Each structure stands twice: as C-alpha cells, then as structure tokens.
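Computation of the quantities below employed the complete heavy-atom set of this structure, encompassing side-chain atoms and omitting hydrogens, waters and symmetry-equivalent molecules. Residue numbers begin at 1 in each chain, while the letters A, B, ... track the order of the sequences. Predicted model, so just to flag it, every value in this text is computed and none were measured.
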Amino acid sequence: MQASFDPHAIESAIYRAWEAAGHFAPKESGEGYCIVIPPPNVTGSLHMGHAFQHTLMDALIRYQRMRGRAALWQMGTDHAGISTQMLVERQLNAEGKTRHELGRDRFVERVWQWKGESGGKIAQQLRRMGSSLDWSRERFTLDAGFSRAVVEVFVRLHEEGLIYRGQRLVNWDPALGTAISDLEVINTEEQGSLWHFRYPLCGDVRTADGKGHLVVATTRPETLLGDTAVAVHPRDERFRALIGQRARLPLVDRELPIIADDAVDPAFGSGCVKITPAHDFNDYEVGLRHNLAMVNVLTAEAAINDNAPAAYRGLDRFVARQRIVADLDALGLLERVQEHSLMAPRGDRSEAIIEPRLTNQWFVRIAPLAEPAIKAVEEGRVEFVPKHYEKTYFAWMRDIKDWCISRQQWWGHRIPAWYGPDGAIHVGQDEFDARRRAGLAADVPLRQEEDVLETWFSSALWSFATLGWPEPTKPLERFHPTDVLVTGHDIIFFWVARMIMMALKFTGEVPFRQVYVTGLVRDAEGRKMSKTKGNGLDPLDLIDGIGLEELVAKRTGNLTQPHLAPGIEKATRRDYPHGIPSYGTDALRFTCCALASTGRVVRFDPGRTEGYRNFCNKLWNAARFVLMNTQGRDLSAAAEPGLPDRWIRARARQMVDAATEALDTYRFDLYAGAIHEFAWREYCDWYLELAKPLLWDEGAVPARQAAVRRTLLEVLELLLRAAHPVMPFITEAIWREVAPLLDIEGDTIMLRPFPEVDDLSADAEADAAIDWLKGVVVALRNIRGEAGIKPSQTLRVLLQGGDARDRELAALSGPLVQRLAKVESIEWLADGDAVPANALGLVGDLRIMVPLAGLIDLEVERTRLQKAIDRKRTELNRLQTKLANEKFVTNAPPQVVEKERAKAADAETRLLALEIQSASLG
RNA sequence: GGGUGUUUAGCUCAGUUGGGAGAGCGACGGCCUUACAAGCCGUAGGUCGCAGGUUCGAACCCUGCAACACCCA
C-alpha cells in the first residue's frame with residue numbers, strides 16, 4: 001500500500017469493477033428493499049444537494065444490501081419540461097432563432113438531440129459519487145414505457161371525471177408563454193407604488209362627504225382596463241348609499257356597478273376596491289359571486305390586447321402602466337401615489353412577474369385523491385422523518401386546490417386529447433383509441449391538444465411507473481411500496497404529496513413507507529448556493545480538486561449579471577487562496593453524513609471535508625500498520641487474547657450498536673460520529689498503541705502475539721464493513737488487502753454482512769482494566785504536558801495507596817503503561833513510606849507520583865495542584881449541598897442518592913490527597 | 001395575518017426516559033515518538049436566548065416574551 005491515501009488511485013477502478021460485476025442489481029432472492037432516486041434533470045449536472053442526498057441514499061442501500069436485503073436503488077432521470085425547454089430555447093436564441101421558426105417537431109427533435117449530447121453527464125457524476133444505482137434498470141420520464149403509464153393515468157382520471165378542461169384564472173408566465181401551477185409561483189416582498197385613482201360617479205350621485213367620485217387604489221394600474229365593478233364592504237357606512245349606483249371607468253368609458261362584498265377590507269386604502277375579475281384571484285371570486293363580466297386585457301406576452309381602448313393596444317404591461325398613470329394624471333384623476341411594499345409573484349423558473357390570466361387549461365380535481373392520501377399518513381402507513389413535517393403535509397393537503405396540469409410548451413407528454421370539428425373533446429390512449437371510444441368514423445378530422453402535461457404530473461407516478469406499471473411486473477410486486485423516499489422539504493408538495501395520491505389511486509398502495517426529509521444544503525454562511533451569488537460548490541471540485549484560477553473562471557464565467565463578477569472573484573480568492581485540494585469521494589460522503597443532523601439547513605463547510613480526508617488518511621495508515629505487522633506472519637497459532645484485545649472488541653460491539661441504531665433511525669450524523677470515534681479515538685489512539693509493545697517484544701508469549709495480530713485484523717475488517725456504507729471506496733481498497741489474511745471468501749466488501757452486535761461480546765472486566773490504564777496514562781501525560789517535560793524524557797513513577805485491585809491491574813498493565821507513557825520504572829510504596837517531593841496524579845484512591853528532582857519546577861507543580869484542589873473543592877461543595885438537602889434525600893430515587901453519595905466520597909478522598917500533597921510541597 | 005422550526009464553547013452542531021454541560025473545527029503551548037506532521041501530547045473557553053412556573057432537582061417539561069429562519073395567505 002502507498003504511504004499516504006490517494007483517492008484517485010483507487011476510486012474509478014473500484015467503481016468500474018463493481019458495475020461490471022453486476023453488484024448493483026438486487027440479488028435474486030431475499031426480501032426486497034427499494035429506494036427510488038428523485039430523478040435528476042436529464043440534462044442537468046450534479047450539485048451539492050444531489051451529493052448530499054445521494055450519499056444518504058447510497059449509505060442506506062449499501063447498509064441494507066449488506067444486511068441481506070435484495071436492495072434496489074432505482075435509477076432514472078426527469079425530462080424537466082420547463083427548464084429543459086428554456087435551456088434549448090436559449091441556445092436557439094443565441095443562434096438568432098426562435099422555436100416558433102423551427103416548428104414543434106423540429107424543436108422537439110432538437111431537444112432530444114441535446115438530451116443525447118448532455119444526458120450522460122449526470123450519470124457519470126453519480127458514478128463518481130460511488131452511488132450503487134442499478135443502471136440496468138434506468139428509466140426516463142419520456143421513455144416509451146413511462147409515457148404509456150402517463151397516458152394510462154391521464155385517460156383513467158379523465159374517465160372518472162377527475163381530469164377536466166375549463167376556463168379558469170391561472171398563473172400565467174408571460175416570459176415562458178404558459179400557465180404554471182400555484183406551487184411554481186414564488187411570492188416575494190418587493191417595493192412598489194400604490195396609485196390612488198378617482199373614478200367619477202355616474203349621474204348626480206355624491207359620496208357621503210359630498211364628492212363626485214370614488215377613490216380606488218391599485219398596485220397594477222394597467223389592470224383597470226379590465227375593471228368591471230367597484231366594490232365596498234356591505235357594512236361600511238361611508239358607502240352604503242352608493243351600493244347599486246354606478247361609477248365611470250376612466251380611459252375606457254365603461255360604467256361599473258358599485259357592489260357590496262365581504263371580501264373588501266374597509267381599512268385598506270380608501271375602502272373602495274376596483275374589481276378586475278380576469279386578472280386578479282380575489283376579484284375573480286368576486287366576479288363569480290356577482291356574475292360580473294370578465295374582460296381579459298392581456299396577450300400571452302402580457303401586452304395590452306384588443307379588448308382595451310386603441311390607445312393602449314400592443315403596449316407592454318409596464319409601458320401601459322406608465323401611460324395610464326400619466327393619462328389619468330392629465331385628467332386630474334390621480335389622487336396620490338404612495339410607496340408600498342407588495343408581494344410580487346414571480347415564476348420560479350423565469351423569474352418573470354406572473355399575471356393571473358383567464359385561459360382554457362386542464363385540471364386535476366384533487367380533493368378525491370387527497371382524502372386517502374391524508375388518511376395514509378394519519379394511519380402511519382406513510383411516516384415522515386422528522387415527524388413534524390406531517391403537519392406541513394396535512395396543512396397543505398386539507399386545503400388543496402385543483403391542480404393545473406397543462407402547459408403551453410412543447411417538451412413533455414402531449415396531452416392525449418383530440419378536438420373534433422365541433423370542438424368536442426375526445427380522450428384516449430391514442431387517436432385511434434379516442435375515435436373508438438367516441439364512435440367517430442376515420443374520416444372525421446381530429447386535432448390533438450397542443451398542450452403538454454407539466455413535469456410533476458409524470459414525476460407523481462415515479463414510484464410505480466419505474467417498476468413497470470401498468471404491467472403487473474415482478475419488480476412491481478417485489479419492490480412496491482418502496483421502503484423510503486429521501487428528499488428535501490422543498491418538494492413535499494410538488495412531489496411527495498402527489499406521489500402518495502397517485503400511488504394510492506393506481507396501485508392501491510402507498511408509494512413508500514417512510515419519507516426521510518433532509519435539510520437543504522447551504523454555503524458555510526447559510527446562504528443558498530447559487531450561480532448568481534458565485535458561492536456554489538461543485539461536488540466534483542471537492543472530489544478532484546481545482547486550482548484557484550480555474551475556480552475563479554468557473555464562478556465568474558457566463559453570469560447573467562456580469563457586473564457581479566469582481567465581487568465574486570474577490571470572495572473566491574479570499575475563501576480559497578489555494579483553490580480546493582482533492583479530497584476524494586469518501587471524504588465528501590463522510591462530510592455529507594456528518595452534517596445530516598435534524599435541522600432544515602445544512603451549512604456546508606469544505607473545512608469539514610478536509611478533516612474527513614485526514615480521517616481517510618488515518619484509516620489508510622492504520623491499515624498499513626496492521627498489514628505490516630500481520631502479512632507473512634503465522635496467524636493460525638492458538639491465540640490467547642489479552643485485556644486490550646478483549647477491550648477493543650467490546651468497544652467495537654458498542655460502536656456497531658450505535659451505528660445500527662443510527663442508520664435505522666436516519667441519524668447519519670450519529671452514524672458517522674460512531675465510526676469516526678471508534679476508528680480514531682479507540683482503535684488508533686489506544687488499541688494500536690497497546691498492541692505495539694506486544695508486537696515488538698521479542699520475548700512475548702507467541703499465543704499472545706497471535707491474538708494481537710488476529711485482533712488487529714479482525715477488528716479492522718469489522719470496522720471496514722461498518723464504515724462501508726459511508727466510505728465505500730477506501731473500505732473496499734483496504735478490505736481487499738485484509739480479507740485474504742483472514743481467509744475471507746468473496747471479492748468485494750459490498751456484499752459482506754454488516755457487523756452484528758451479536759458477533760461480539762461485552763466485557764466489563766476488560767473495560768474496567770483499560771479504563772484504569774487510560775486513567776494512569778492520562779494522569780502521567782497531564783503531568784508531562786503541564787510541567788513541560790520533554791516527550792523524550794523517561795519517567796520514574798511511584799505508586800502509593802489504592803487497593804488490591806489496583807495492584808492486580810498494575811501488574812497486568814504495568815508494561816503497557818511503561819510503553820505508552822514512556823516510563824522506565826514503576827515502584828510501589830507502602831502506605832506509610834516517606835515520599836520525595838513529587839507531582840501527583842490520582843486514579844481513585846491510587847496516587848501516581850513523579851518525583852520532581854531535576855525534572856519539574858516546584859512552582860509550576862504548586863500552581864497545577866492548586867488548580868486541581870479548587871476544582872475538586874467546588875465539586876465537593878456542590879455534592880454536599882445536594883446531599884444536605886433533606887428533600888433530595890427523601891424524594892429522589894434511592895439509586896440516584898446512592899450515586900451522589902459515592903461521588904461525594906470519591907471527591908472527598910481525592911481532595912484530601914491533593915491537600916496532603918499541597919502541604920508536603922510546602 | 002396563520003403555521004412550523006431554531007436559539008448550548010470563537011464557528012458548526014450533538015445532548016436518547018428530567019439526575020455529574022459534550023464533539024469536530026478554530027485558538028494557545030509542547031513534540032519530526034520507527035502507521036500517519038493529512039500526525040501525536042496537553043491547555044483554555046459556556047449565566048444552555050430572556051422571564052416566570054412545575055419538581056427534591058430543568059439545557060430537557062409547561063406558560064409568556066424576544067430574535068432568527070422557512071412555509072402558507
């Protein structure tokens with residue numbers, strides 16, 4: 001093995017070998033375990049969020065595979081309708097073309113071509129992460145089988161009346177020219193203006209205070225072109241007399257009824273509200289209630305259409321806004337303008353301001369689907385981890401609105417509906433089926449719906465359509481419901497809820513038994529990682545490393561806002577003065593696990609990755625040490641385990657227990673902690689050090705040495721298996737060296753069993769003995785450290801006090817203590833013996849003394865001692881106060897009281913010893 | 001406006017049923033000790049957001065308040 005850990009030397013070859021051997025496919029027999037991957041965008045690339053979630057999924061899959069389950073991690077990608085179409089349209093624009101010039105067929109062809117070119121990237125990156133996905137079963141939401149499932153679902157929902165087409169007010173994205181769903185609209189607070197306009201009253205009508213006009217306020221003046229009423233609150237005394245009268249809409253010269261509606265907030269603005277049913281969701285409801293006309297004044301591009309006066313036709317909405325304000329001002333109808341912060345709706349993809357717009361769209365009638373999905377979670381058939389996300393889920397599901405599923409786009413599943421010459425709608429699997437169902441002759445011309453389904457409609461079928469539905473396939477039977485869905489809280493509504501509804505509807509089963517909701521990855525300062533902010537991290541850069549100049553170029557290139565480049569460059573040079581070193585996949589994965597605690601935000605700090613790269617190196621070198629001391633040795637000799645051997649196995653048992661518990665409850669941070677703690681703090685820091693004296697003692701009993709060698713190997717091998725789910729590559733590389741020495745069959749660690757607690761036994765005796773030893777060694781190190789004694793200086797140690805057990809342990813562990821603390825001699829003194837001036841350490845009643853002579857400065861030792869006395873006295877006082885409290889003694893459980901008494905007695909003994917020592921030093 | 005979550009060491013976070021406040025990183029001091037300087041040894045640092053309450057006992061349970069984050073309208 002190389003002297004230091006080099007991830008590049010091992011990773012790719014190992015992954016290729018696993019894949020070639022078919023190890024990622026579920027085994028033929030055994031209980032199934034399945035996770036479906038949240039499908040990445042087919043033309044996308046890996047970001048930190050993927051790296052994070054995929055690490056957790058892969059850890060689960062590898063863990064369950066090692067536990068004997070037939071584990072399937074179902075691979076697939078999403079066609080990502082809007083974002084992919086946007087990307088390709090942008091490419092076209094760069095060439096000076098538009099999709100409309102190209103036409104639908106050629107455009108779609110072009111997208112497929114782009115998919116062919118860039119669609120493999122994410123798959124390669126997933127391989128670099130070590131993801132044990134079953135590539136042989138890879139699916140795509142637009143592949144033939146999946147599309148069939150989509151059509152099937154559409155047709156059946158339509159048959160049952162759960163899909164309908166209708167004219168509704170929808171969120172219209174003028175930049176993309178399509179409707180989008182409520183969830184795709186992001187409302188953010190922005191600064192704007194509130195314009196107050198005067199609408200003259202018709203006839204001789206006057207307001208209560210004698211004015212001839214009403215005042216209405218709006219943040220969107222251009223919409224007044226579509227006003228069809230003015231509303232007031234029915235109990236608003238100021239306007240009661242005006243209800244039923246009419247006002248005149250300026251510029252348009254339309255008479256508007258003055259109506260009363262509870263929805264009006266009398267305290268907002270003037271108390272009068274202009275009603276634009278075709279361009280505002282609240283007004284739309286008012287319009288329905290009062291049977292108002294709905295005047296659409298916007299085109300698909302959000303310019304003013306022909307329903308408006310000629311003066312404004314064709315103007316962009318924001319140009320029209322300025323013009324209208326100016327015109328009203330000129331007419332003396334602008335009362336005032338007010339600074340105003342408003343919630344601006346923007347499209348999550350285009351970031352354009354969304355316009356509510358009246359259009360014909362397809363909807364899913366969702367309430368009948370939501371009901372069983374709510375029940376499934378209430379009854380625990382689907383369980384959220386952490387549990388509190390169920391509240392979020394219920395809140396949304398119980399107030400769910402019909403789902404707009406049609407998009408005026410080209411890239412996606414074209415809606416399987418055909419229009420007859422009379423405008424009648426015929427739905428079917430295909431045109432033939434639609435004709436058959438409708439009983440239409442072959443010569444009746446039919447025109448297919450132009451719209452496609454939104455991407456989430458197909459994603460909603462992911463759990464079962466990837467497994468072969470609508471065919472009753474074996475994988476479907478074996479792996480559905482899947483075991484757990486691992487995803488972020490940002491897509492609980494988009495995806496999780498819809499999958500539950502669709503799976504229940506079409507398979508009668510929940511799609512997964514548990515949902516593990518991860519936090520979302522942010523940068524080290526807690527900010528969202530984004531290209532615009534230039535604070536993004538590419539997981540591949542953490543794995544492979546990247547030079548500073550290249551990193552700067554990557555972060556500042558192709559910015560949508562180029563003026564931000566200098567700031568980004570400066571921050572990058574500050575944060576990564578030497579670029580990013582290559583840390584390897586295992587270190588990145590370990591970081592992801594270690595950061596996966598229960599919070600909602602995961603602050604990703606590359607410093608942690610460096611630390612875990614070091615951990616990989618530690619493990620690598622520990623393995624080198626073990627191999628150096630075992631290769632070519634006779635390991636078959638009868639073994640006689642010593643206390644350290646028994647101890648490390650007992651510790652291993654504890655580690656396996658903790659690791660198993662952590663993985664079973666999705667506490668990946670605790671799992672990583674258990675592995676790290678055991679490997680570094682116990683196996684390396686103590687066991688390897690304890691092993692050295694025995695290994696290097698030429699006069700040692702052969703059976704003892706054999707036991708040490710076997711223990712070194714066996715515990716290392718067990719540790720590798722326990723750590724494999726989080727760090728697959730390094731564990732495989734080391735395991736291949738270690739396994740032959742232990743005569744283990746098999747060519748890969750990934751198919752070996754995960755360690756079981758029952759493989760090991762607890763050992764109270766060994767624990768006590770090694771605890772004692774550690775106590776003595778730490779006490780001596782402490783004296784050394786504080787007294788500034790050089791590590792090369794050997795010590796003479798005197799022992800006094802203690803009991804028979806201390807003498808027994810000293811006899812057993814003396815040689816180990818000597819080696820670990822660099823002690824040349826240990827001498828027992830009787831209780832009454834005079835002792836030279838010394839530095840004192842305590843383990844229970846046992847006094848560990850290092851004579852000062854020539855080594856330790858008396859003053860330094862006095863200071864150290866005084867500190868120890870102060871600390872111990874504080875502790876004792878606290879305990880004595882507690883024990884003096886009668887209420888405590890009578891009310892607390894006896895074992896608690898007993899424990900406190902023992903602690904007090906111990907503190908007292910120690911304090912006494914320290915005080916005697918203090919007196920003796922003068 | 002409604003809801004959810006968070007607040008513990010300089011930073012990032014653990015803390016399982018209420019019973020001696022922890023880890024990693026960082027800081028400081030000392031070491032090239034023959035697996036590892038990507039290492040080893042040691043040290044310092046906290047009124048557990050604030051105010052009440054329950055309890056013999058509260059970081060943990062209850063109430064109120066504050067700050068921050070996110071979701072919904």
Side-chain angles (χ1 to χ4, degrees), chain A residues 1 3-6 182-183 186-187 265 281-282 343 386 388-396 399 489-490 492-493 519-520 522 524-526 581 583-584 587 591 594-605 607-608 610-629 658 661-662 665 667 669-670 672-673 676-677 680-681 684-685 688-689 691-692 696 712 777-778 780-793 819-822 864 867 875 878-879 882-883 885-893 895-897 899-900 902-904 906-907:
Chain A
M1 284 173 78
S4 100
F5 167 63
D6 176 12
D182 298 344
L183 290 175
I186 312 293
N187 289 296
D265 175 4
F281 286 100
N282 289 322
M343 295 304 278
H388 67 79
Y389 284 109
E390 289 178 6
K391 289 185 189 170
T392 312
Y393 171 84
F394 287 136
W396 188 68
D399 188 34
H489 63 75
D490 54 335
I492 289 178
F493 306 146
L520 298 182
R522 300 298 180 86
E525 277 84 48
Y583 296 131
T591 311
L595 292 175
S597 56
T598 56
R600 300 179 159 217
V601 170
V602 176
R603 295 188 183 210
F604 196 94
D605 177 2
R608 295 287 293 262
E610 179 169 351
Y612 294 125
R613 186 273 314 259
N614 296 353
F615 176 57
C616 290
N617 189 50
K618 186 78 180 173
L619 189 59
W620 184 263
N621 277 290
R624 281 179 60 222
F625 173 82
V626 171
L627 291 168
M628 274 191 259
N629 285 284
E661 166 76 14
T665 54
R667 287 303 302 270
D669 55 332
L670 301 181
H676 191 267
E677 169 80 12
W680 202 321
R681 307 270 80 105
C684 290
D685 284 357
L688 295 190
E689 296 307 318
K692 283 175 184 175
W696 295 345
L712 280 170
V777 170
V778 167
L780 289 169
R781 281 179 185 165
N782 187 313
I783 290 169
R784 263 184 198 282
E786 298 220 16
I789 300 172
K790 285 195 168 178
S792 53
Q793 174 73 51
R819 154 73 199 180
L820 264 52
K822 196 143 175 134
R864 193 180 77 90
K867 209 163 63 181
E875 186 190 336
R878 190 180 51 75
L879 288 163
K882 198 169 187 180
L883 287 165
N885 181 350
E886 261 182 57
K887 286 177 175 173
F888 170 69
V889 179
T890 43
N891 289 323
Q895 61 270 28
V896 172
V897 178
K899 214 168 126 193
E900 296 296 299
K903 281 192 281 186
D906 180 69

Taking every heavy atom of A:Leu883 against every heavy atom of A:Val889, the minimum-distance pair comes out as O-CG2, 3.3 Å
Once you round it to whole Å, what is the distance between C1' of B:rC71 and CD1 of A:Ile492? 10 Å
Can you tell me if A:Arg784 uses its side chain to pair, donor with acceptor, with the backbone of A:Lys790 under 3.5 Å? yes
Write out a two-atom table: protein N or O, nucleotide N or O from nucleotides 19-21 of chain B, distance below 3.5 Å.
from: B:rG20; atom 1: OP1; to: A:Lys903; atom 2: NZ; distance (Å): 3.4
from: B:rG20; atom 1: O2'; to: A:Arg878; atom 2: NH2; distance (Å): 2.9

Look at all strands and tell whether A:Asn885 reaches a base, only sugar-phosphate, or nothing, counting heavy atoms closer than 4.0 Å. sugar-phosphate
Can you give me the N/O atom pairs linking the protein to nucleotides 58-63 of chain B at distances under 3.5 Å, or say none if there are none?
none

A:Leu670 CG to B:rG15 C1', straight-line distance once rounded to whole Å: 10 Å
Take A:Trp396 and A:Thr392 through the side chain to side chain contact (heavy atoms under 4.5 Å, CB included) test and state the conclusion after the steps. CA-CA 6 Å; A:Trp396 188 68; A:Thr392 312; 6.0 Å; no
Rounded to the nearest Å, what distance is computed from the CH2 atom of residue A:Trp396 to the C1' atom of nucleotide B:rC72? 12 Å
Separation of B:rU17 P from A:Glu661 CD (nearest whole Å): 12 Å
Just checking A:Arg667: base, sugar-phosphate only, or nothing, at a heavy-atom cut-off of under 4.0 Å? sugar-phosphate
Pick the P atom in B:rC25 and in B:rC41, then give their distance to the nearest Å. 12 Å
Please name all residues satisfying side-chain hydrogen bond (donor to acceptor under 3.5 Å, both in side chains) with A:Asp182, sequence neighbours left out, ordered by chain then number. A:Asn171
First locate atom CZ of A:Arg864, then atom CD1 of A:Ile783, and finally report the distance between them rounded to the nearest 0.5 Å. 4.5 Å
Separation between CG (A:Asn629) and CG (A:Leu712), nearest 0.5 Å, reads 7.0 Å
Distance check, P atoms only: B:rC32 and B:rA38, in whole angstrom units. 16 Å
Count the heavy atoms belonging to other residues, nucleotides or ligands that lie under 6.0 Å from CD of A:Glu661, then report whether that count exceeds 12. no
P spacing across the pair B:rA21 / B:rG2, given as an integer number of angstrom: 39 Å
Taking the C1' atom in each of B:rU33 and B:rC40, what is the distance between them to the nearest angstrom? 8 Å
Spacing between A:Tyr389 atom OH and B:rC72 atom P, to the nearest angstrom: 13 Å
How many angstroms lie between atom CD1 of A:Ile186 and atom CE of A:Met343, to the nearest 0.5 angstrom? 10.5 Å
Any protein N or O atoms within reach of nucleotides 3-11 of chain B? Criterion: under 3.5 Å, listing atom names and distances.
from: B:rU4; atom 1: O2'; to: A:Arg600; atom 2: NH2; distance (Å): 3.2

Expressed as a whole number of angstroms, how long is the span from A:Ile783:CD1 to B:rG42:P? 13 Å
Take a 6.0 Å sphere around CD of A:Glu886 and say whether it holds more than 12 heavy atoms from other residues, nucleotides or ligands. no
One should read off an interatomic distance between A:Phe615 CZ and A:Thr591 OG1, to the nearest 0.5 angstrom, of 11.5 Å
Residues which pass side-chain hydrogen bond (donor to acceptor under 3.5 Å, both in side chains) with A:Asn621, listed by chain and number, not counting sequence neighbours: A:Asn617, A:Arg624
Listed pairs, N/O of protein and of nucleotides 43-45 of chain B, under 3.5 Å:
from: B:rU43; atom 1: OP1; to: A:Asn782; atom 2: ND2; distance (Å): 3.3
from: B:rA44; atom 1: OP1; to: A:Arg871; atom 2: NH2; distance (Å): 2.7

side-chain hydrogen bond (donor to acceptor under 3.5 Å, both in side chains) with A:Asp685: which residues, sequence neighbours excluded? A:Arg681
Could you list the residues that satisfy ring-ring contact (aromatic ring centres under 6.0 Å, His included) with A:Tyr583, not counting sequence neighbours? none
Can you check whether A:Leu619 reaches A:Phe5 side chain to side chain, under 4.5 Å on heavy atoms? no
Would you mind reading off the distance between A:Leu780 atom CG and B:rC41 atom C1', rounded to a whole angstrom? 13 Å
By nearest-nucleotide position on RNA chain B, the 5'-leaning member of A:Val602 and A:Val778 is A:Val602
Under a 4.0 Å threshold between the charged nitrogen and the carboxylate oxygen, would A:Arg878 count as salt-bridged to A:Glu875? no
Summary of protein contacts for nucleotides 28-40 of chain B, nucleotide by nucleotide, where a base hit scores B, a sugar-phosphate-only hit scores S (4.0 Å, heavy atoms): ---S---BB-BSS
Between which residue ranges does RNA chain B form stems of three or more consecutive Watson-Crick or G-U wobble pairs, both distances under 3.5 Å? B:1-7 with B:66-72, B:10-13 with B:22-25, B:27-31 with B:39-43, B:49-53 with B:61-65
For the P atoms, the ones on B:rU17 and on B:rG53, what distance do you get once it is rounded to whole angstrom? 26 Å
Would you please name every residue forming a side-chain contact (heavy atoms from CB on, under 4.5 Å) with A:Asp265, sequence neighbours left out? A:Ala267, A:Phe268
Using atom CD1 of A:Ile186 as one end and atom C1' of B:rC72 as the other, report the distance to the nearest whole Å. 12 Å
Suppose you measure atom P in B:rC62 against the same atom in B:rC70; what distance do you get, rounded to whole Å? 26 Å
Expressed in whole Å, how much space separates the C1' atoms belonging to B:rU8 and B:rG22? 10 Å
Heavy-atom pair with the smallest gap, counting every atom of A:Lys867 and A:Glu786: NZ-OE1, 3.7 Å
Looking at CZ of A:Phe888 and CD of A:Glu900, how far apart are the two atoms once the value is rounded to the nearest 0.5 Å? 5.0 Å
Atom P, compared across B:rA23 and B:rA9: separation rounded to whole Å: 14 Å
So, using salt bridge (charged side-chain N to carboxylate O under 4.0 Å, His left out) as the criterion, who are the partners of A:Lys692 when residues are at least two apart? A:Glu689
Classify the ring geometry between A:His489 and A:Tyr389 as parallel (under 30°), tilted (30 to 60°) or perpendicular (over 60°). parallel
